[in-house]
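In what follows, a structure is listed as structure tokens, so that the remarks can point back to it.
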Amino acid sequence: LKAKMATTKEEDVQMMLVCKTHLGTRNVDYRMKRYVFRRTVDGIHIIHLGKTWEKLMVAARMIVAIENPNDIIVASQRPYGSRAVLKFSQYTGANPLAGRWTPGTLTN
């Protein structure tokens, strides 16, 4: 089982590389510094995919623990996050909030 997990992690990291998940921006927040692998000559920060995979697994365990997927809200105001929000919601049954949303949606 542990060997299967290792190959799954390696396969997932390979897919993240192909999708260019590791490419960050020139600016990095101090809270993100621990996830930066290194910085290129151009000043682009390279994200550590091993740490990214670990955080994804933590998030997956938390989501699986919720009994009713309708209680989950997936949100992204960024245009490039909308497709991911809609696809995730489609496969899991979570509530999508893609794009701009009304203030008070979560509290009222």
Side-chain angles (χ1 to χ4, degrees):
L1 181 69
K2 197 160 188 143
K4 182 166 175 39
M5 284 293 291
T7 56
T8 303
K9 179 180 177 180
E10 291 170 10
E11 290 170 1
D12 290 343
V13 169
Q14 286 297 322
M15 282 194 281
M16 286 192 282
L17 269 172
V18 169
C19 295
K20 299 183 180 177
T21 308
H22 63 291
L23 296 178
T25 61
R26 291 180 196 271
N27 299 327
V28 68
D29 189 68
Y30 71 94
R31 293 170 289 200
M32 284 296 295
K33 282 191 178 185
R34 62 181 158 177
Y35 302 109
V36 173
F37 177 66
R38 68 182 180 96
R39 192 171 165 194
T40 64
V41 177
D42 300 344
I44 303 294
H45 291 88
I46 305 296
I47 308 298
H48 193 292
L49 290 180
K51 291 181 181 180
T52 303
W53 187 86
E54 289 170 8
K55 291 295 182 179
L56 280 171
M57 292 302 108
V58 169
R61 282 190 218 107
M62 290 172 33
I63 291 169
V64 167
I66 298 171
E67 292 179 26
N68 184 4
N70 217 11
D71 292 338
I72 300 170
I73 294 177
V74 186
S76 175
Q77 289 187 322
R78 304 284 178 134
Y80 49 81
S82 297
R83 184 170 181 245
V85 164
L86 295 172
K87 279 201 170 261
F88 181 84
S89 298
Q90 176 186 356
Y91 289 116
T92 61
N95 293 315
L97 286 177
R100 295 188 54 101
W101 40 285
T102 309
T105 303
L106 302 176
T107 56
N108 296 340

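- Distance CE/M32 to CG/N27: 12.5 Å, rounded to 0.5 Å.
- For E67, the CD atom counts as loosely surrounded, since its 6.0 Å shell holds 12 or fewer non-hydrogen atoms of other residues, nucleotides or ligands.
- Pairing each heavy atom of A75 with each of V85, the nearest pair is C-CG2, 4.0 Å.
- Rounding to the nearest 0.5 Å gives a distance of 6.0 Å between CZ of F88 and CD1 of I72.
- Nearest heavy atom pair, residue K51 against residue R34, reads NZ-O, 2.7 Å.
- With rounding to the nearest 0.5 angstrom, the CD atom of Q14 is 9.5 Å from the CG atom of L49.
- The hydrophobic clustering, which links ILVMFWY residues whose side-chain heavy atoms are closer than 4.5 Å, places Y35 and V28 together.
- Environment of NZ in K55: sparse, with no more than 12 heavy atoms of neighbouring residues, nucleotides or ligands closer than 6.0 Å.
- Closest approach of S76 to G81, counting heavy atoms only: OG-CA, 3.4 Å.
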### side chain to side chain contact (heavy atoms under 4.5 Å, CB included) between M16 and L56, worked out
CA-CA 12 Å; M16 286 192 282; L56 280 171; 4.2 Å; yes
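- Without hydrogens or angle criteria, N95 side chain to I73 main chain gives no donor-acceptor distance under 3.5 Å.
- In terms of heavy atoms, D12 sits closest to W53 at OD2-NE1, 3.0 Å.
- Residues P69 and T92 approach most closely at CB-O, 3.1 Å, considering heavy atoms.
- At a threshold of 4.5 Å between side-chain heavy atoms, the hydrophobic network of Ile, Leu, Val, Met, Phe, Trp and Tyr places M15 and I47 in two separate groups.
- When every heavy atom of H48 is checked against every heavy atom of T52, the shortest pair comes out as O-OG1, 2.9 Å.
- You'll find the side chain of I44 reaches within 4.5 Å of the side chain of R26, heavy atoms only.
- I46 is listed as a side-chain neighbour of T40, based on a closest heavy-atom distance under 4.5 Å.
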